[in-house]
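Below: one structure, written as structure tokens.
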Amino acid sequence: MALDEIKIGGLGASRRRVEDNRFIRGKGNYVDDVVLPGMLHMEILRSPLAHARIKSIDTSAAYAIPGVRMVMTGEMMAARNLAWMPTLSYDTQAVLATDKVRFQGQEVCAVIADDPYIARDGVEAIVVDYEPLPPIVNPTQAMADDAVLIRDDKVNQSNNVIFDWEVGDRESTDRAFAEADMVSEIDMHYPRSHPSPIEACGSIADYDRSTSKLTVYMTSQAPHIVRAAVSMVAEIHEHMIRIIAPDLGGGFGNKVPVYPGYVISILASILLEKPVKWIEDKTGNLISTGFGRDVYLKGKLALRKDGKILGVRMDTVSDHGAFFSDAQPSKFKIGLIHSAFACYDIPTAYLTNRGVYTNKAPGGVAYRCSFRVTEAMFFQERMVQAAADDLGMDQAEFRRVNLVKDDDFPKRTPFGFLTDSGQYEKCLQIGLDAIDYDNFKEQKAEAAKRGRLLGIGISTMTEPLGAGNSREYDILGIKMFDSAELRVHMTGKAILRTGAKTQGQGHETTWAQIVAHELGIPAEDIVVEEGDTDTAPFGMGTYASRSTPVAGAAVSMVSRKIRAKARKIAAHLLEVSDEDIEWELGRFYVRGAQDRGVTIQECAMAAYSNVPDGMEPGLENNAYYDPPNLTWPFACYISTVEVDPLTGVWDVIRMVAVDDCGVRINPMIVEGQIMGGLTEAYAMANMQFITFDEDGNCIGSNYMDYLLPTAWETPGFELHEVVTPCPHHPIGAKGIGECATVGGPAAFVNAVMDALKDIGVRNIDMPLLPDRVYEAIQTGQDVSGHPPVKNR
Amino acid sequence: MFPSRFRYEAPTSIEEAIALLGANEDAKVLAGGQSLIPMMKLRFANPALLVDINNIPDMGYHRADADGSFRIGALCRHADLEKSTILREHQPLLAAAAPLVADPIVRTRGTFVGSVCHADPQGDWAACMVALGGSVIAQGPNGKRAVEVKDFVSGPFTTVLARDEIAIEGVVPKAQGTRTGGYLKLERRVGDFATAAVAVSLDMSGGVVKNAGIGLVGVGSQTINASEAAAALIGSSLDDEAVDRAAELAAEASNPRGDHRGSADYKRHIVSTFVTRIIANVQRSEMQVA
Ligand SMILES: Cc1cc2nc3c(=O)[nH]c(=O)nc-3n(C[C@H](O)[C@H](O)[C@H](O)COP(=O)(O)OP(=O)(O)OC[C@H]3O[C@@H](n4cnc5c(N)ncnc54)[C@H](O)[C@@H]3O)c2cc1C
């Protein structure tokens, strides 16, 4: 008899997360938990200024402190050709500053000492003489005629523009606007934010001269890419490099790039022939590592009177900070921002983007965004709401008119992607019913009479997850496939390794469920291991919601290879030919004689004890999966809010989420991902941003200023689901890791803007802090929020 | 965290603690540690010696005394006050503020007296004490003295405590009639310091305000005693005119700086809005009682 799939922890089982066993007991093993014999400790001196020329660095007082082993400077790095490193976006980034500092928090020196206290004492003892330069904190300043040149290190760089990029069809879009009944326009800034994993970044580099082997424990979401990058930069052969990413305390994209701290610790270990540990503090993480967003939009929709969108025009400017080190693998300069409007049926679209340097931390693109899809969908849904208001049309009805219909798939998006599947209107309807849409509109009108401001906001979107197909996505030329390796032991237990790297997503739980689904081996009999480049198969790592679409697919495929071999073994054991063998979950049997069968476990034992003649013994294999397309989950988020007109404080009344991420492997984990994402969405809409003052000081450099919401203020979420299996994924799954972070913010902001609609306000930049909302109510004007922060 | 090098002592009597403070330059009292330890982590504070007072017995109390005063010992935690029924009974303003100080984790360690001693312009308790006309009892080698909180804080993060003095107690004076009042705080998130907060204390008798105090948080370089605003309420029956006047004067008394939490005008506006709201809430709850 076939096994009960739920009972063995297969597809659809809300199995408890196996990794939590060690986490809730405090037994996780993070980089900072690793202690190696003779290990030294490194601390980085960071620039207090946003923009300054370095006149001199005096390290003598630091060297005088007992226990200080070495003070590393840009000059020392330069002598080894390591003062600068290449970025994933084909720019360069300073490892330790030589000529200038270009953002507050930039790495200037590093002290290596016997313990971390002494290392910090050493950092305090270094004297740097700076000559301040004017800081640039926004693109307008960067593009001014008289702006100082930030990247004077680059030949052929005569201004602060990094690139100009365009996509779409300009001519046909211009035509659409010329023919439109009405044009709706809205401008906004998506503020800079930070992924802020609870565990900051860190590494322990351990170079062993006797074996020439370099081992690095590292907070990396993509250890194999790091191995490749280190071998290219440090000129150590790839087989002599072992990167180990142990347990990670969150990533959210922050742990994809290679940071100066890693590189410095590696060189320090080589020079001192000792393990060198570097653990970044929270401020270091917030002010110097990969941020998210910081994009400006001028958006326009060409509209027909009946609500049909005829064309989209988006002019965007992105602020990349001092170095263009976006960690994103697409062929497109500004990531997948042109996935905007993918869920709508729109004939034509055109987008321009200008990237600029500023005196701010580099490394854009991170924070649960799938390469700037977050900006795309936020802009899209804010533009959609503004257009509905301009037309005087109900916002739900306006979406209904424009959403792609169920039988139109696969559908070319306005900017040329190909969406795979979905039931958009159904999701919208479930959301509207759940929040009692019509009734709320009445309540809102009723409340308005008594001076209370209620609002309702919708956000509907599909996004591209699972980079990628290898034609369009690569990192430094390496294609974006992924891999899995499965070894089934003779007793039918197994170990699975993948090239992905879990940071909280629960791979140790869900990958085992996929194997259980494919092979009928109970999930609890499968151990999942990731993160060690000496043992795991090559993979591109975990970010951009790509693991289930890519590595998860590889897990399916490798399981199927194992099943194919097991089938041959079964035929041998049952003494029939291959073609007479049937499969049911966990068992092969003879066609027409269901009681004559062998279990997968019996096949495993036979693979080691009784293989048919001519067959290799053993039961293990691997699979590399190159996805044919991205997966396209859909989401509908609807929020209701009440705004206090006297303080500008707004409260969420309800938040309804309808997610269609295809087949759900572990529904509980999927719901956890959605709730976490909605919490981050709420944070960005309500309180969270990194800004800068006129002097280039980072505001948001600690948890008193950079706010993570707690259980206290986070609203409750009501989740609903629709399942449209992905047509090209082996088990029909789509990405889900980022949907709520991407689609959520617009629902909250649209709700507040809906509450203020009658006041005539069209936009308040996120976060919708009480003072901004109050200002909008008082003035009836839009409120912008870009840096420098106003000190009025 | 990796602070600068420091020594640590944990005396078991106040006298011993005072002697340690007197004998060492750069010594600091450690109470709940919820302000001092973060500053040491950031190396903004680098004391040579920490004198931990947590092992000194009998300082965790808070009580209503027979003379009508209310006393809070140096080791009484924010959480003790948050849970206290006698506080709610006798000191409505403090009871309203207690759940708004910091976050639940910080409240389990941080102390009321330590907060007043820290003299953070964004500290909640000092403003409440100013509104209540409360004092701090300081003990030094030559004995005890009482200092009114409005005079105790001498500037941002500084007090009039001598190097070898310990604040052993906070004292709230007897009410002149029935004590009422309230606390409102605009914060961006639980555990956030106030963008602006207002403490209002009212002692009422026969529907008339006998005594009043208003303390303001986060709208100046130190806790603000809005005494003129409070004076506008004294003798009134909380009629609209008096309340509007008090709200206006409180806004005038504040001297905020615009920053990423809001403009100066906005913060001033919040001050006046909160004065009005607190008094309206007081009146509403009184109507419910009556
Ligand atoms: C995350 C976070 C959020 C916070 N939010 C708020 C908030 O919203 N509102 C608010 O008001 N506070 C807030 N605080 C501060 C908190 O209330 C502290 O507990 C309080 O400010 C200090 O009390 P403590 O007992 O922890 O003092 P400590 O940190 O031990 O000491 C603070 C200072 O006072 C001195 N001191 C302490 N006790 C005495 C004494 N008996 N005699 C003489 N000197 C003494 C110390 O030497 C030190 O200089 C927050 C703290 C944190 C960490």
Side-chain angles (χ1 to χ4, degrees), chain A residues 41 43 65 113 115-121 123-124 191 279 281-283 644-649 682-683 686-693 697-714 767-775 778 783 785 787-792, chain B residues 1-6 34-35 38-44 46 99-107 120 122 184-198 218-219 247 251 256-278 280:
Chain A
H41 298 264
E43 176 65 11
I65 297 171
D115 71 39
Y117 298 89
I118 300 173
R120 275 164 180 78
D121 292 346
V123 158
E124 283 188 350
I279 300 293
D281 63 16
K282 189 45 69 184
T283 294
D644 176 347
L646 281 184
T647 60
V649 172
Y682 171 70
N686 188 275
M687 63 179 82
Q688 189 171 80
F689 69 133
I690 285 189
T691 189
F692 295 81
D693 68 15
N697 295 308
C698 174
I699 295 166
S701 63
N702 58 59
Y703 279 165
M704 292 312 287
D705 285 328
Y706 191 70
L707 303 178
L708 308 191
T710 71
W712 191 264
E713 51 275 320
T714 302
L768 273 58
L769 295 167
D771 69 304
R772 294 186 185 179
V773 176
Y774 178 74
E775 184 183 328
Q778 285 301 301
V783 179
V789 66
K790 299 177 208 135
N791 287 323
R792 295 158 296 142
Chain B
M1 69 172 250
F2 302 98
S4 302
R5 185 173 289 276
F6 64 90
Q34 297 303 300
S35 294
M39 305 243 300
M40 288 171 67
K41 175 192 111 168
L42 296 169
R43 296 193 172 197
F44 292 159
N46 299 302
L100 299 177
V101 176
D103 60 42
I105 305 165
V106 172
R107 289 201 291 271
D120 185 337
Q122 286 176 306
L184 283 178
K185 175 174 178 178
L186 181 69
E187 55 181 0
R188 298 166 301 173
R189 186 201 64 178
V190 66
D192 191 19
F193 285 95
T195 297
V198 175
V219 288
R257 248 171 29 116
D259 60 16
H260 58 289
R261 292 160 189 261
S263 66
D265 283 348
Y266 174 70
K267 292 179 186 179
R268 245 185 241 109
H269 161 77
I270 291 296
V271 166
S272 68
T273 303
F274 280 1
V275 169
T276 315
R277 273 195 187 171
I278 291 168

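In the text below, chain A, chain B and the rest are named by the order of the sequence lines, each starting its count at 1. Only this structure's heavy atoms are used, side chains among them; waters, hydrogens and symmetry mates stay out.
For the pairing with B:Val198, the side chain to side chain contact (heavy atoms under 4.5 Å, CB included) check across B:Thr273, B:Val275, B:Val219 returns one residue only, B:Val275.
Contacts of A:Leu769 with chain B are made by side-chain atoms alone, with heavy-atom separations under 4.5 Å and no backbone atom involved. Of the two parts of A:Asp705, the backbone and the side chain both hold a non-hydrogen atom closer than 4.5 Å to a non-hydrogen atom of chain B. Interface remark: A:Glu43 contributes no atoms to any contact with chain B (heavy atom separation under 4.5 Å). Neither the backbone nor the side chain of B:Arg5 comes within contact range of chain A; no heavy atoms are under 4.5 Å apart. The contact between A:Leu646 and chain B is made by backbone and side chain atoms together, counting heavy-atom distances below 4.5 Å. Residue A:Pro767: no heavy atom, backbone or side chain, is found under 4.5 Å from chain B. Interface remark: B:Pro38 contributes no atoms to any contact with chain A (heavy atom separation under 4.5 Å). Residue contact with chain A, scored on non-hydrogen atoms closer than 4.5 Å, involves the side chain of B:Tyr266 exclusively. Looking at A:Met687, only its side chain comes within 4.5 Å of chain B, counting heavy atoms on both sides. Both the backbone and the side chain of A:Pro116 come within less than 4.5 Å of a heavy atom in chain B.
Without hydrogens or angle criteria, A:Asn686 side chain to A:Ala683 main chain gives no donor-acceptor distance under 3.5 Å. With hydrogens and angles ignored, the 3.5 Å screen pairs no side-chain donor or acceptor of B:Glu187 with any backbone N or O of B:Ala194.
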